[in-house]
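Since the structure comes first, as structure tokens, the remarks are kept for the end.
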2 protein chains.
Amino acid sequence: MARRPPTITLDSFDLGILAILQRDTTTPQRVIGEAVHLSAPAVQRRIRRMEEAGVIQAHVAVIDPALVGQSITIFVEVEVISETADLLDAAKRDFAAAPEVQQCYYVTGEADFVLVVVVPSMAAYESLTRRLFFNNPNVKRFRTFVAMDRVKVGLAVPLDEASGGSTVG
Amino acid sequence: MARRPPTITLDSFDLGILAILQRDTTTPQRVIGEAVHLSAPAVQRRIRRMEEAGVIQAHVAVIDPALVGQSITIFVEVEVISETADLLDAAKRDFAAAPEVQQCYYVTGEADFVLVVVVPSMAAYESLTRRLFFNNPNVKRFRTFVAMDRVKVGLAVPLDEASGGSTVG
DNA sequence: GTCTCGCACGAAAGAAACTTGCATCCGGAA
DNA sequence: TTCCGGATGCAAGTTTCTTTCGTGCGAGAC
């Protein structure tokens, strides 16, 4: 299941392709080819190679949460009591398993975890906090930040020239 | 540019389609149709309708930041001095304009903004803080959380039955 | 210097998917 | 009951994706 991705080198062609794909996957390979000065089959081969290397992790549709009834986005900083490997792994699994938890990062600093949570109502969030935090004896405290404005949302990675030419994987 | 999306109603077919698409856009409409018990053209028409309604905002490729040289993910809580509408808008524009800022939310609570930043190095982050925070007289203070583990990353929205049957848009 | 090998390319053919047109069916209103 | 709007499935048409094949370029061996 977790096969090691092969090591590959990304050139400026690959970066150009990635820049387009991380904005819009529906762009035809022919159009991408014109943009980066390559033929469609060449584009297709490079995309496949980057998929196999794990550079492209997935092709997904971005859904507006508000339009499917999930209108509240919340940030949560979680502080744990013990940072034992076992307990951390358990916490990671719990957080990651919750569908309401859109993103979860283990961080340094004044908090141990940062979560991005999407819920339909504050009642649902209250329920989630009970399930994930109050029921977890290893959670010391957590702080809630309710999003009033999703100023910028995405997973786009900055693709500057520094990324090119280097071997990764 | 900002046309109002038409109001539509999502049923369980639409939710089933969305659930698949927000995991993998490459799934053929024929396969989606089999999964939700609909023909391929019906699936295609529903997808188009949801795109036009703004429910589906984009089709994007997810890129592994580490494999394109952007190996550091950082959370930043930003506190501003004045919450004047003008100053807030200015801050939003500045933050959103930076390619390193992957996500930016305006929030309630002890902070005013929460950012997700992706950079190739701590030096780059230091440079970014100077540009975005120290140079901005309205930024009171900011706190940094460096991600050690991206436990869960994505934009997937929980699609429970509660979302169905309701008119949105 | 020359040869050979490996790798990536472009062009073209073939396969698959997407898109559209059309007749039908279902449910609500007159 | 009748009519009408909306959504469906099938089938044809179009575009895109995928594969195959021959060519060209550069690195390394001789």
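A salt bridge does not link Asp112(A) with Lys92(A): every distance from a Lys NZ or Arg NE/NH1/NH2 to an Asp or Glu carboxylate oxygen is 4.0 Å or more. Using a cut-off of 4.0 Å between Lys/Arg side-chain N and Asp/Glu carboxylate O, Arg131(B) and Asp94(B) are scored as not salt-bridged.
Distance Arg30(B) CZ to dG9(D) C1': 16 Å, rounded to the nearest Å. Atom CG in Leu10(B) sits roughly 12 Å away from atom P in dA7(D) (whole-Å rounding). Computed from coordinates, the Arg49(A) CZ to dT18(D) C1' distance equals 17 Å when rounded to whole Å. Taking atom CD1 of Ile47(A) as the reference point, atom C1' of dT16(D) lies 12 Å away to the nearest angstrom. We find that CZ of Arg48(B) is positioned 16 Å from C1' of dA7(D), with the value rounded to whole Å. We find that CD of Glu34(B) is positioned 14 Å from C1' of dG9(D), with the value rounded to whole Å.
The stretch residues 39-46 of chain A touches DNA chain C through Ser39(A), Pro41(A), Ala42(A), Arg45(A), Arg46(A), each having a heavy atom within less than 4.0 Å of the strand.
When all heavy atoms of Val119(B) and Ala124(B) are compared, the closest pair comes out as CB-CB, 4.2 Å.
For residues 54-92 of chain B, every residue pair satisfying the ring pair (Phe, Tyr, Trp, His ring centres under 6.0 Å) rule, not counting sequence neighbours, is listed here: Tyr105(A)-Phe75(B).
Residue Ile17(B) forms a side-chain contact (heavy atoms from CB on, under 4.5 Å) with just one option from Ile47(B), Leu10(B), Ile56(B), and that option is Ile47(B).
Counted within 6.0 Å of CZ on Arg150(A), heavy atoms from surrounding residues, nucleotides or ligands total more than 12; the atom is thus considered enclosed.
The side chain of Gln29(A) contributes no N or O atom lying less than 4.0 Å from OP1 or OP2 of dT15(D).
Side-chain atoms of Thr84(B) and Asp86(B) form no donor-acceptor pair, as typed in the model, at a separation below 3.5 Å. A donor atom on one side chain and an acceptor atom on the other are not found under 3.5 Å apart for Gln57(B) and Glu51(B).
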N/O donor-acceptor pairs under 3.5 Å from side chains in residues 30-44 of chain B, not counting sequence neighbours:
| residue | atom | partner | partner atom | Å |
| --- | --- | --- | --- | --- |
| Ser39(B) | OG | Ala42(B) | N | 3.4 |
| Gln44(B) | OE1 | Gln29(B) | NE2 | 3.4 |

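Remark: Thr108(A) engages no residue in a side-chain hydrogen bond (donor to acceptor under 3.5 Å, both in side chains) (not counting sequence neighbours).
Close approach of DNA chain C to chain B, defined as any atom under 4.0 Å from a non-hydrogen atom of the protein, starts and stops at dA17(C) to dG21(C).
Between Phe134(B) and Phe142(B), the distance separating the two ring centers is shorter than 6.0 angstrom.
Summary of helix geometry: the two end axes of the helix from dG1(C)-dC30(D) to dA30(C)-dT1(D), each defined by five base pairs via their C1' atoms, are inclined to each other by 20° (rounded to 10°).
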